[in-house]
2 protein chains.
Amino acid sequence: MLKRRTYTCGLDAALDVMGGKWKALILWELIDGPQRFGQLRRQVAGISERVLILQLRELEACGLVHRELYHQVPPKVEYSLTDLGQSLIKAMIPLGEWGEQHMELIESLDRGD
Amino acid sequence: MLKRRTYTCGLDAALDVMGGKWKALILWELIDGPQRFGQLRRQVAGISERVLILQLRELEACGLVHRELYHQVPPKVEYSLTDLGQSLIKAMIPLGEWGEQHMELIESLDRGD
DNA sequence: CAGCATCCTAGCTGATACTG
DNA sequence: CAGTATCAGCTAGGATGCTG
């Protein structure tokens, strides 16, 4: 699941646990508190059920996300940030601000103008 | 090359330009000043020539890296951070520190203990 | 030295259908 | 509601050899 065994720098390690197409988005959605599976699926636009599960399982395995199962019918599961997840989110904020500031530029690159 | 056309948050946009297996590492190597192609290849352990070129071209296209060609024999090319690249590096520092602090944990996850 | 061309593959990702 | 199972495609990434 993780790509490397050893890391050359901390950035490398951080990107290994939260990099990829979806993980940062999922963590971001959990900032405001626990979310149920279905909520997450709607919030993280474009993700499929299958991929969301896979990503959540990986985040859980890394200790970034906690999965709380309520034994009910119908079933209810809540995902939330762990303390480690919280600390990671905080570390990602400057990067988020950078992206915010340069988003137009990046989107224009994508359009090729 | 970039994965998305629109972004739901800045973090999303930032990860689109510097995410992936190598880009952050490459940017990191350029912090201390310009590097020649061969130097980079040795610094970024494990990367192949082909992939290094591809990544550098993408970083260049995003305006994060500058490519300076010296018309010599044998050829010499130097890669350096642009101002935008510098600002991105700064935004990545907290994430790098987070990774630094939790690297042992992450590596232990990878080993499965 | 820098870097392109070619071929190849692993695994991420997506679509769809089904279950407790 | 919260998943699992299955199938299939794409593309990032890797190996190798060649060139200005």
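In this text the structure is predicted, and so the values were computed from the model without any measurement. Convention: sequence-line order gives letters A, B, ...; per-chain numbering from 1.
- Looking at residues 9-23 of chain A, you'll see A/Lys21, A/Trp22 sit with a heavy atom under 4.0 Å from some atom of DNA chain C.
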Notebook entry, point to check: Could you walk me through whether A/Phe37 and A/Leu56 pass the side chain to side chain contact (heavy atoms under 4.5 Å, CB included) check?
Noted result: CA-CA 10 Å; A/Phe37 181 82; A/Leu56 282 169; 4.1 Å; yes
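- Side-chain contact of A/Tyr70 with A/Glu78: a donor-acceptor pair under 3.5 Å is present, judged by distance alone.
- In terms of the ring-ring contact (aromatic ring centres under 6.0 Å, His included) criterion, residue partners of A/His102 (sequence neighbours excluded) are, by chain and number, A/Trp98.
- Distance from the side chain of B/Val51 is smallest for D/dG13 among the nucleotides D/dG13, C/dT13, D/dG17.
- Applying the 4.0 Å criterion to OP1 and OP2 of C/dA2, one finds that B/Arg36 has a side-chain N or O inside that range.
- Contact annotation for A/Gln72: no contact, since no heavy-atom pair falls under 4.0 Å across all strands.
- A/Arg67 places none of its side-chain heavy atoms less than 4.5 Å from the side chain of A/Val65.
- Atom pair B/Gln55:CD and C/dC4:P shows a separation of 14 Å (rounding to whole Å applied).
- Between B/Tyr79 and C/dG3 there is a side-chain polar atom (N or O) within less than 4.0 angstrom of OP1 or OP2.
- The nearest whole Å value for the distance from the CD atom in A/Gln43 to the P atom in D/dA2 is 13 Å.
- Between B/Arg57 and C/dC4 there is a side-chain polar atom (N or O) within less than 4.0 angstrom of OP1 or OP2.
- Among the atoms of the strands shown, none is found under 4.0 Å from any heavy atom of B/Tyr70.
- No donor-acceptor pair under 3.5 Å is formed between the side chain of B/Gln55 and the backbone N or O of B/Ile26.
- Proximity of A/Leu95 to B/Met18: side-chain heavy atoms (C-beta onward) are separated by under 4.5 Å at one or more points.
- Computed from coordinates, the B/Leu69 CG to D/dG20 C1' distance equals 12 Å when rounded to whole Å.
- Atom CD of A/Glu58 is separated from atom P of C/dT13 by 9 Å (rounded to the nearest Å).
- The CZ-P distance, from B/Arg41 to C/dC1, rounds to 9 Å in whole Å.
- Residue-to-nucleotide proximity on DNA chain C shows that, of A/Pro75 and A/Ser48, the 5′-proximal contact is made by A/Ser48.
- Distance B/Glu60 CD to C/dA2 C1': 14 Å, rounded to the nearest Å.
- At most 12 non-hydrogen atoms from other residues, nucleotides or ligands lie less than 6.0 angstrom from CD of B/Glu104.
- Rounded to an integer number of Å, the gap from CG of B/Leu52 to C1' of C/dC4 is 14 Å.
- Between B/Leu54 atom CG and D/dA12 atom C1' the separation is 9 Å, expressed in whole Å.
- Of the listed nucleotides (C/dC7, C/dG20, C/dG3), C/dC7 has the atom at the smallest distance from the side chain of B/Arg50.
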